[in-house]
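First the structure, in the form of structure tokens, and then the observations on it.
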There are 2 protein chains.
Amino acid sequence: MAIDKELLKGTTSTLVLQLLSRKKMYGYEIIQEFEILSGGLFSFKEGTLYPVLHALETKGYVKPEWVGAKGSRQRKYYLITKSGRNQLKSKKAEWQRFTSTIEKIFFGKEALNEING
Amino acid sequence: MAIDKELLKGTTSTLVLQLLSRKKMYGYEIIQEFEILSGGLFSFKEGTLYPVLHALETKGYVKPEWVGAKGSRQRKYYLITKSGRNQLKSKKAEWQRFTSTIEKIFFGKEALNEING
DNA sequence: TTTAATACCTCGCTATACTATGTATCGTGC
DNA sequence: GCACGATACATAGTATAGCGAGGTATTAAA
């Protein structure tokens, strides 16, 4: 298995990193944004997202930043790190290798993004 | 989650059905064929494939057929059923919806197979 | 005859995503 | 003022996929 087998199970962490690569966001905001971006096709549940964010933090890919006036609602914003950007780039490349291969098997042709890209 | 969440975890069953849609095959042969088709990018382990084949059989998507002269090596060939072909078609469509969405998020464009296909 | 490849199988482990639940703040309507 | 839904964080328990490790047996090659 030259490709990370985890890719088979999910792209959750990579999707989260992708969103954070554009702007810092807080958990609840990420959940809503995915709902919109996917056109309702899929959504992240809280029980999925928060542990993922904590795991990304542990690995040093994101850094949290509490924002909010004292005594008011606190929002935990996450910022992607340099290491996180490297990880994102690597995982997206892996995604393309994986999907290219699946497309070839499913539809009997080279992946279009290799022909055209 | 309008899309089957299982897709996030794996495309294994669908890949197996895809191979069986072309010709009947036996387990060990499927493992070797995937190794070749994926160019060594990934492979199915026996601990994964055999349970998958049994699950597909339980669902009625494939039917087993023992082949081999009496007293000689027996090979358990699997044949895809009509129901299995319907499932395959449905799952491949689901795969395309899913990857289109991910591509859009990752690379900020409509999936190429929608633009060109 | 020993070894590697072929060919089938199952048990237990790990990791992911989900459900359910808990806590607390904020905005709106009455 | 307060009830209620939306916002915002979090964790515990559950289900399941894929894998590692092990088992059995046949066949071919050294």
Side-chain angles (χ1 to χ4, degrees), chain A residues 1-17 24-36 38 41-59 62 64-78 91 95 98 102, chain B residues 1-17 24-36 38 41-59 62 64-78 91 95 98 102:
Chain A
M1 190 74 84
I3 194 172
D4 185 350
K5 73 191 173 195
E6 294 312 307
L7 189 63
L8 297 165
K9 290 191 203 164
T11 53
T12 312
S13 298
T14 309
L15 284 168
V16 171
L17 282 179
K24 66 176 176 183
M25 296 176 77
Y26 58 96
Y28 201 82
E29 187 184 13
I30 291 173
I31 289 171
Q32 292 177 311
E33 192 122 334
F34 268 120
E35 190 74 32
I36 294 166
S38 77
L41 194 62
F42 61 86
S43 60
F44 288 142
K45 307 304 178 297
E46 300 193 344
T48 300
L49 184 68
Y50 289 115
V52 161
L53 285 170
H54 300 157
L56 289 173
E57 183 185 347
T58 299
K59 288 172 185 163
V62 301
E65 185 185 88
W66 282 103
V67 174
K70 204 181 282 183
S72 73
R73 183 190 292 280
Q74 300 287 304
R75 283 170 173 166
K76 198 174 182 181
Y77 280 85
Y78 284 92
K91 283 291 175 182
W95 160 268
F98 176 66
I102 302 296
Chain B
M1 190 72 87
I3 195 172
D4 185 350
K5 73 190 174 197
E6 294 310 306
L7 190 62
L8 296 165
K9 291 191 203 164
T11 52
T12 312
S13 298
T14 309
L15 284 168
V16 171
L17 282 180
K24 66 176 176 182
M25 296 177 77
Y26 57 95
Y28 201 82
E29 187 184 13
I30 291 173
I31 289 171
Q32 291 177 310
E33 192 123 333
F34 269 120
E35 191 74 33
I36 294 166
S38 78
L41 194 62
F42 62 86
S43 58
F44 288 142
K45 307 303 179 296
E46 299 194 347
T48 300
L49 183 69
Y50 290 114
V52 162
L53 285 170
H54 301 156
L56 289 174
E57 183 186 346
T58 299
K59 288 172 185 162
V62 302
E65 182 185 271
W66 282 103
V67 174
K70 205 181 280 184
S72 73
R73 181 190 294 281
Q74 300 288 304
R75 284 170 173 166
K76 198 175 183 179
Y77 280 84
Y78 284 91
K91 283 292 175 181
W95 160 267
F98 176 67
I102 302 296

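For B:R73, whose side chain is taken as the heavy atoms from C-beta onward, the closest listed nucleotide among D:dA10, C:dT6, D:dT7 is C:dT6. Checked against C:dA17, D:dT11, C:dC9, the side chain of A:P51 finds its nearest nucleotide in D:dT11.
B:F42 CZ to A:I102 CD1: the interatomic distance, rounded to the nearest 0.5 Å, is 4.0 Å.
Of the candidates B:I36, B:I30, B:I31, B:I30 is the only one forming a side-chain contact (heavy atoms from CB on, under 4.5 Å) with B:F34.
Within the 4.0 Å cut-off from OP1 or OP2 of C:dT6, at least one side-chain nitrogen or oxygen of B:Q32 is found. Contact check, B:Q74 against D:dA25: no side-chain N or O comes under 4.0 Å of OP1 or OP2. Side-chain nitrogen and oxygen atoms of B:H54 include none within less than 4.0 Å of the OP1 or OP2 phosphate oxygen of C:dC8. Within the structure, every side-chain polar atom (N or O) of A:T48 is placed at least 4.0 Å from both OP1 and OP2 of C:dT16. A close approach under 4.0 Å does not occur between any side-chain nitrogen or oxygen of B:Y50 and OP1 or OP2 of C:dC9. OP1 or OP2 of C:dC9 lies within a sub-4.0 Å distance of a side-chain N or O belonging to B:K76.
Among the heavy atoms of the strands lying under 4.0 Å from A:E46 is at least one base atom, whether or not backbone atoms are also near. Among the protein residues, A:G47 comes within range of the nucleic acid bases, having at least one heavy atom under 4.0 Å from a base atom.
Position along DNA chain C of the nearest nucleotide to B:W66 versus A:V52 favours B:W66 as the more 5'-ward residue.
Between the NZ atom of A:K45 and the C1' atom of C:dT16 there is a distance of 14 Å, given to the nearest Å. Rounded to a whole Å, the CD atom of A:E57 is 13 Å from the C1' atom of D:dA10. D:dA17 atom P lies 14 Å from atom CG of B:L53, rounded to whole Å. As a whole-Å value, the separation of B:F44 CZ from D:dG20 P is 14 Å. Going from atom CD of A:E29 over to atom P of D:dA6 covers 19 Å, rounded to whole Å. Distance A:L49 CG to D:dT11 P: 12 Å, rounded to the nearest Å. Remark: P of C:dA15 and CG of A:L56 are 16 Å apart, rounded to the nearest angstrom. Between B:Y28 atom OH and C:dA4 atom P there is a gap of 14 Å when expressed in whole angstrom units.
Pairing each heavy atom of A:P51 with each of A:E46, the nearest pair is CD-O, 3.8 Å. Looking at every heavy atom in both residues, A:L53 comes nearest to A:G27 through CD1-CA, 4.0 Å.
At least one donor-acceptor pair closer than 3.5 Å links the side chain of A:S38 to the backbone N or O of A:L41.
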